[in-house]
*Asks:* 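Have a look at this one.
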Amino acid sequence: MLRGRPDGIVGFCGARIISSEAGYFVKPTVFVNVKSDMTIAREEIFGPVLCVIAYDSEDEAIRIGNDSKYGLDAAVLRTDLQRARRVASQIRAGRVVINGMTDDPHRP
């Protein structure tokens, strides 16, 4: 998880290892100012970790969403459900959820 620091991630929170008698735990962590070519965005990270990658257009968001060798799960968050479904239909992933819905019958 901490491998992202050398890539130049400017801001993050969490990323602290907590030890106790029960074992080691990682605080929930959010990395910001992440670029899609950074190690932290390209490799699997196990733990409560979120990488935030900004985009300027819907097409760029779709390109970023599809730029992964994993593609197991994806999420689209939008207030406009019709637009969210259109974007979700262009994401190549095993499962795409919209606004956290797990049982949307219209999802791709």
Side-chain angles (χ1 to χ4, degrees):
M1 178 177 69
L2 300 178
R3 287 183 297 183
R5 287 184 181 178
D7 279 337
I9 294 175
V10 175
F12 63 93
C13 64
R16 204 174 99 214
I17 297 173
I18 303 167
S19 67
S20 72
E21 290 181 23
Y24 291 93
F25 303 91
V26 177
K27 288 187 75 129
T29 303
V30 178
F31 291 98
V32 296
N33 300 326
V34 175
K35 305 295 181 215
S36 60
D37 63 342
M38 292 179 169
T39 302
I40 200 84
R42 307 239 26 108
E43 296 183 7
E44 282 187 302
I45 300 171
F46 296 98
V49 176
L50 174 70
C51 293
V52 178
I53 302 174
Y55 59 91
D56 292 319
S57 69
E58 194 171 277
D59 288 338
E60 183 182 9
I62 293 165
R63 182 188 58 73
I64 291 168
N66 287 328
D67 186 25
S68 171
K69 65 182 180 181
Y70 300 108
L72 299 174
D73 208 8
V76 176
L77 307 173
R78 299 287 319 198
T79 54
D80 180 339
L81 194 53
Q82 185 174 8
R83 190 172 180 186
R85 286 185 177 125
R86 186 180 70 241
V87 169
S89 71
Q90 296 176 68
I91 300 293
R92 294 185 313 267
R95 182 176 89 142
V96 180
V97 296
I98 297 171
N99 295 336
M101 297 184 300
T102 58
D103 61 351
D104 180 1
H106 301 288
R107 77 171 175 236

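The first residue in the sequence is number 1, and the count goes up from there. Atom set for the values below is all heavy atoms of this structure, side chains included, hydrogens, waters and symmetry mates excluded. Given the structure is predicted, the values throughout are model-derived calculations rather than measurements.
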*Asks:* I would like to know whether V52 and V34 meet side chain to side chain contact (heavy atoms under 4.5 Å, CB included); could you show each step before the answer?
*Replies:* CA-CA 6 Å; V52 178; V34 175; 5.8 Å; no
*Asks:* Please find the pair of heavy atoms, one from A41 and one from S36, that lie closest to each other, and give the distance.
*Replies:* CB-O, 4.0 Å
*Asks:* Report the distance from atom CD1 of I40 to atom CG of D37, rounding to the nearest 0.5 Å.
*Replies:* 13.0 Å
*Asks:* Could you pull out the closest heavy-atom pair between R86 and Q90, with the gap in Å?
*Replies:* O-NE2, 3.3 Å
*Asks:* If we check side-chain contact (heavy atoms from CB on, under 4.5 Å) with V87, which of these qualifies: D80, V76, L77?
*Replies:* V76
*Asks:* Once salt bridge (charged side-chain N to carboxylate O under 4.0 Å, His left out) is applied, do any residues pair with R83, and if so which ones, sequence neighbours excluded?
*Replies:* E58
*Asks:* If you look at every heavy atom in I91 and G65, which pair is closest and at what distance?
*Replies:* CD1-CA, 4.3 Å
*Asks:* List in chain and number order the residues that pass side-chain contact (heavy atoms from CB on, under 4.5 Å) with A61, two or more places apart in sequence or in another chain; answer none if no residue qualifies.
*Replies:* Y55
*Asks:* Test: side-chain hydrogen bond (donor to acceptor under 3.5 Å, both in side chains). Region: residues 60-76. Which pairs qualify, not counting sequence neighbours?
*Replies:* R42-D67, D73-R95
